[in-house]
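To keep things clear, I will list the structure first and then write my remarks on it.
What you are looking at is a predicted structure, and each value in this text was computed from that prediction instead of being measured. Here is how names work: the chains are called A, B, and so on, in the same order as the sequence lines, proteins then strands, and each is numbered from 1.
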2 protein chains.
Amino acid sequence: MPPDPTIRQLRYFAMLAQTGHYRRAAERLGITQPSLSLQIAGLEETLGLRLVERGRGGAVLTPAGREVLERAARILDQVAALGDIAARLRTGMAGTIRLGATATLGPYILPNVARRLHDRFPDLRLFIHEAAPRRLFDDLLAGRHDLILTQLPVASDRLRVERLFREPMNLVVARSHPFAGRGRVTDADLAGQTVLTLSSAFALHAQIEALCHELGANLRQDYEGTSLDALRQMAAMGMGLAFLPALYVRSEITGRGDDVAVLQFRQDRFTRSIGLAWRTGSGDEASYRRMAELVREVAADDFRGLVVPER
Amino acid sequence: MPPDPTIRQLRYFAMLAQTGHYRRAAERLGITQPSLSLQIAGLEETLGLRLVERGRGGAVLTPAGREVLERAARILDQVAALGDIAARLRTGMAGTIRLGATATLGPYILPNVARRLHDRFPDLRLFIHEAAPRRLFDDLLAGRHDLILTQLPVASDRLRVERLFREPMNLVVARSHPFAGRGRVTDADLAGQTVLTLSSAFALHAQIEALCHELGANLRQDYEGTSLDALRQMAAMGMGLAFLPALYVRSEITGRGDDVAVLQFRQDRFTRSIGLAWRTGSGDEASYRRMAELVREVAADDFRGLVVPER
DNA sequence: GTTTTCCGATTGGAAAAACCTATCGAACAC
DNA sequence: GTGTTCGATAGGTTTTTCCAATCGGAAAAC
């Protein structure tokens, strides 16, 4: 395999072609004429072509030289473009960040996040992948995500976590359920009730399970949903009660003509924690923190009163 | 101004991204791992960016790294393309040759040359510029042409010339001219006749002038044409006789229903010499000689009997 | 017809870059 | 723990790049 020309050679050659003059080209490049001569000769050597016709009137390109120049110019343009990109990337807020998000939160907050992000940092793009938290966690460690937006806790000494906010869990029951008319329910009300939940790949599962144990409620074992919508359908059909996160409720349940009723429970003190996590030392920490701050802003501005800020 | 990354750095980086593994990448590149480490570190240094996340599972690109990789891959593709181009150019029969041609010959033979050239060397393109021989000569010396197809002689110790063929000059007169009915004319016939010619920028001018002087004909001073078509129009209007090259006559005068009559003169022994010229040591001599050979072939195959081969 | 000037090529030596071997320290596997 | 595997680092050699000085030839000036 033949060796590559170097970018230096191409740059020198382009300048020589532009000036048509060794000494002038060398001067403009800030080098001496012999250095230029050697580099040009080296380029001719590696390409196996006479590129320049040396002579009295200065340096004139051969037909091959013109052909090579055309390509060299394109390469140099792209190298310059790479430099520009690098400069923008250096701010930390450019390029594409691969963000994994819980299916139980992403759809209901990321549109707002993406909009604000694009307004603030036009050069930054999000590539969003939704999955269950367990999967997100594995994929983050494996390097398939740069960042995950997920329910806490997320435990690993290889990860850095920023807590964002706590999201209240609302209780949802079928319209035909005895609770449906009431505005709120107490802990005692739930004893003996049947509760639906997501599959154990979701962090919600363990949380609901613990709650049921505490209150003496029955966790329905024969169904584990994989989406909040499915859970809500099950609840609407009277298969049990369901705890659904506030942002989902706000987004998907309008309050009129719905197939389910929404109830207060523990006055927003039953919540789940949401955070942003990334691998220690991955990418640019500062830009990830800025991302976290931006999500907090979204929570505060677009979902004020609905979620509880942290930090 | 920041220094450029090197192609070597980009190549190493691309391989590292592909393998996700320093040692494997180094092995595939035929270098040792420390060398690779240093080059990657150097690239990160010049771009001012962390590109790779070093760790247990191997080397994972940062978001910035992915962005850079995309551009780097494009640059490497173009470098490879440059290598391919160079390989083809090395044959000498690729790229674009800037060919200057006499207006009195080019239009009537270059279509055939271009066609044959393209059949034989598909990678070779001709950029044709037509002008008067005097202008061609200057432009060739100035490096604005690679090659000129012109009437000889062309004299300069900086030029190399290949003689191609001799082209007979036909005598053309108006249909109403007394000569029109005759198949041929002698030297004596021309004494006292009025002869038209092109401007002195054309080599034909001097040649016709010398002939007129020899035969005692009058060179019409008040008109100097700049194209063979114009000359023929003048002849048709009875302004005088005109000597027109055989290839022009063959191409533009059909012999029936024309406004002029074509006569033999000196049985094809009054000719002009056509040759190909280039600057000594310009481009690839071998390919220019091959061009000359190809034009000779065209003359022999497509214009057999019409022109007189040389060499 | 010299002399001068201007061109790119060449030479010799110093500085910088690239590379290799050997080794280090951390993280994982057992 | 102990061994293995990872990339980083250190030290030294080879290669590349560069410069200053000079060469040789060709055009221009005289």
Side-chain angles (χ1 to χ4, degrees), chain A residues 2-13 15-46 50-62 65 138 141-143 156-159 279-282, chain B residues 2-13 15-46 50-62 65 138 141-143 156-159 279-282:
Chain A
D4 284 329
T6 68
I7 289 178
R8 179 184 271 117
Q9 286 172 341
L10 298 182
R11 186 174 299 294
Y12 288 5
F13 175 59
M15 181 60 80
L16 175 61
Q18 188 187 321
T19 62
H21 204 272
Y22 273 78
R23 295 196 116 90
R24 248 188 293 286
E27 184 182 355
R28 287 229 245 156
L29 289 167
I31 60 174
T32 60
Q33 170 264 319
S35 297
L36 179 60
S37 281
L38 288 178
Q39 289 295 324
I40 299 298
L43 180 59
E44 289 183 325
E45 170 83 14
T46 63
R50 291 263 325 289
L51 302 175
V52 182
E53 194 181 324
R54 286 91 161 157
R56 45 235 120 254
V60 176
L61 296 194
T62 64
D138 292 345
L141 287 182
S156 165
D157 55 356
R158 293 174 48 193
L159 296 187
R279 291 182 302 283
T280 314
S282 103
Chain B
D4 283 330
T6 67
I7 288 177
R8 179 184 271 120
Q9 286 172 341
L10 298 182
R11 186 173 299 295
Y12 288 4
F13 175 60
M15 181 60 81
L16 175 61
Q18 189 187 321
T19 61
H21 205 273
Y22 273 78
R23 296 196 117 88
R24 250 188 293 286
E27 184 182 355
R28 287 229 244 155
L29 288 167
I31 59 173
T32 60
Q33 170 265 318
S35 297
L36 179 61
S37 281
L38 289 178
Q39 288 297 323
I40 298 298
L43 180 59
E44 288 184 324
E45 170 84 15
T46 65
R50 293 264 323 288
L51 302 176
V52 183
E53 196 180 324
R54 286 89 162 158
R56 41 237 120 251
V60 177
L61 296 194
T62 63
D138 292 344
L141 286 182
S156 164
D157 53 358
R158 292 174 51 192
L159 296 187
R279 290 183 302 282
T280 315
S282 105

In terms of side-chain heavy atoms of [X], which of [options] is nearest?
X       : options                : value
B:His21 : D:dG7, D:dC19, D:dT17  : D:dG7
B:Gln39 : C:dA18, C:dG8, D:dT17  : C:dA18
B:Ile31 : C:dC20, D:dC19, D:dG7  : C:dC20
B:Pro34 : C:dT21, C:dA18, C:dC19 : C:dT21

To the nearest Å, how far apart are [X] [atom1] and [N] [atom2]?
X       : N      : atom1 : atom2 : answer
B:Glu27 : D:dG7  : CD    : C1'   : 16 Å
B:Leu36 : C:dT21 : CG    : C1'   : 16 Å
B:Ile40 : C:dA18 : CD1   : P     : 12 Å
B:Gln33 : C:dA22 : CD    : C1'   : 12 Å
A:Leu38 : C:dT11 : CG    : P     : 10 Å
A:Arg24 : C:dC6  : CZ    : P     : 11 Å
A:Glu53 : C:dA9  : CD    : C1'   : 17 Å
B:Arg50 : D:dA8  : CZ    : P     : 10 Å

Checking the side chain of [X] only, and the main-chain atoms of [Y] only, is there a donor and an acceptor separated by less than 3.5 Å?
X       : Y       : value
A:Ser35 : A:Ile31 : no
B:Glu44 : B:Val52 : yes
B:Glu53 : B:Val60 : no

(request) Please tell me which of B:Arg23 and B:Tyr12 maps to the more 5' nucleotide of DNA chain C, matching each residue to the nucleotide holding its nearest heavy atom. (result)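 Final value for this comparison: B:Tyr12.
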Can you see if the side chain of [X] gets near the phosphate of [N] - specifically, an N or O under 4.0 Å from OP1 or OP2?
X       : N      : answer
B:Tyr22 : D:dT9  : no
A:Arg8  : D:dT16 : no
A:Thr32 : D:dC18 : no
B:Ser35 : C:dC20 : yes
A:Ser37 : C:dA9  : yes

(message) Salt bridge check, A:Arg8 against B:Asp4: does any charged N sit closer than 4.0 Å to a carboxylate O?
(response)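 Looking at A:Arg8 together with B:Asp4, the answer is no, because their closest N to O distance does not fall below 4.0 Å.
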(request) Would you indicate whether the side-chain heavy atoms of A:Tyr12 and A:Leu43 approach each other to under 4.5 Å? (result)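 Of all side-chain heavy-atom pairs linking A:Tyr12 with A:Leu43, none is under 4.5 Å.
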